[in-house]
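All values below were derived from every heavy atom in this structure, side-chain atoms included, with hydrogens, water molecules and symmetry-related copies excluded.
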Amino acid sequence: MTEKLSSAARDAMLGPLFETGWILQDERDAIAKEFVFKSFIQAFGFMTQAAIWAEKWNHHPEWSNVYNKVNVVLTTHDVDGLSALDVKLARKLDSLVG
């Protein structure tokens, strides 16, 4: 069963994500990031790769795409906040562009 991140886990796990551009959303317990690519095709390719991992891990992002930009929000609805799954998926998304 997935659990909401504890205060200690949040500090340890979210810090490195903030260094790569992830931010906490003000209105809820979620993290967000805008990924910018050179073209629509690259943005869509990123989303396709991300979708494969999201489906494999059964943890799906909230996202939108406009031309070369992909805005991603991660939160775990089952626990009404951030979990280790969000951190895992955020790291994977970063690795897909790195």
Side-chain angles (χ1 to χ4, degrees):
M1 180 176 158
T2 304
E3 296 180 6
K4 196 170 186 175
L5 290 177
S6 67
S7 294
R10 288 174 72 88
D11 293 342
M13 297 173 89
L14 295 179
L17 293 178
F18 297 151
E19 293 175 10
T20 66
W22 290 91
I23 59 169
L24 276 176
Q25 285 202 316
D26 291 333
E27 61 276 1
R28 63 187 180 145
D29 193 23
I31 54 175
K33 183 173 181 177
E34 179 178 72
F35 293 88
V36 180
F37 300 91
K38 291 182 182 178
S39 68
F40 173 75
I41 293 297
Q42 287 181 342
F44 198 85
F46 165 78
M47 292 179 74
T48 301
Q49 290 178 335
I52 292 167
W53 286 101
E55 189 65 20
K56 179 178 180 176
W57 292 336
N58 194 29
H59 191 63
H60 304 91
E62 298 173 13
W63 59 8
S64 63
N65 163 243
V66 176
Y67 183 58
N68 68 330
K69 295 178 184 162
V70 179
N71 289 291
V72 179
V73 175
L74 299 176
T75 191
T76 303
H77 298 276
D78 294 345
V79 300
D80 195 31
L82 291 167
S83 75
L85 287 171
D86 300 303
V87 174
K88 181 179 178 179
L89 188 54
R91 288 178 182 155
K92 176 51 76 175
L93 297 179
D94 283 345
S95 78
L96 294 176
V97 297

More than 12 heavy atoms of other residues, nucleotides or ligands under 6.0 Å from CZ of F44: yes or no? no
Verify the cluster assignment for [X] and [Y]: are they in a single hydrophobic cluster under the rule of side-chain heavy atoms below 4.5 Å apart?
| X | Y | answer |
| --- | --- | --- |
| V97 | V87 | yes |
| M47 | Y67 | no |
| W57 | F46 | yes |
| L85 | V72 | no |
| V73 | L89 | no |

Could you walk me through whether N68 and K38 pass the side-chain contact (heavy atoms from CB on, under 4.5 Å) test, one step at a time? CA-CA 6 Å; N68 68 330; K38 291 182 182 178; over 6 Å; no
Is a side-chain donor or acceptor of [X] paired with a backbone partner of [Y] at a separation under 3.5 angstrom?
| X | Y | result |
| --- | --- | --- |
| D86 | S83 | yes |
| D29 | L82 | yes |
| D26 | R28 | no |
| K33 | T20 | yes |

Would you please test D78 and T2 for side-chain contact (heavy atoms from CB on, under 4.5 Å) and show each step? CA-CA 8 Å; D78 294 345; T2 304; 5.7 Å; no
Can you give me the closest heavy-atom contact between [X] and [Y], atom names plus distance?
| X | Y | result |
| --- | --- | --- |
| M13 | L17 | O-CG, 3.9 Å |
| G81 | K4 | CA-CE, 3.9 Å |
| A51 | W63 | N-CH2, 4.0 Å |

Can you find a heavy atom in the side chain of [X] that is under 4.5 Å from one in the side chain of [Y]?
| X | Y | answer |
| --- | --- | --- |
| L93 | V70 | no |
| L24 | I31 | yes |
| L74 | W22 | yes |
| H59 | T76 | yes |

Mind checking the CH2-CZ spacing from W53 to R91? Nearest 0.5 Å is all I need. 14.5 Å
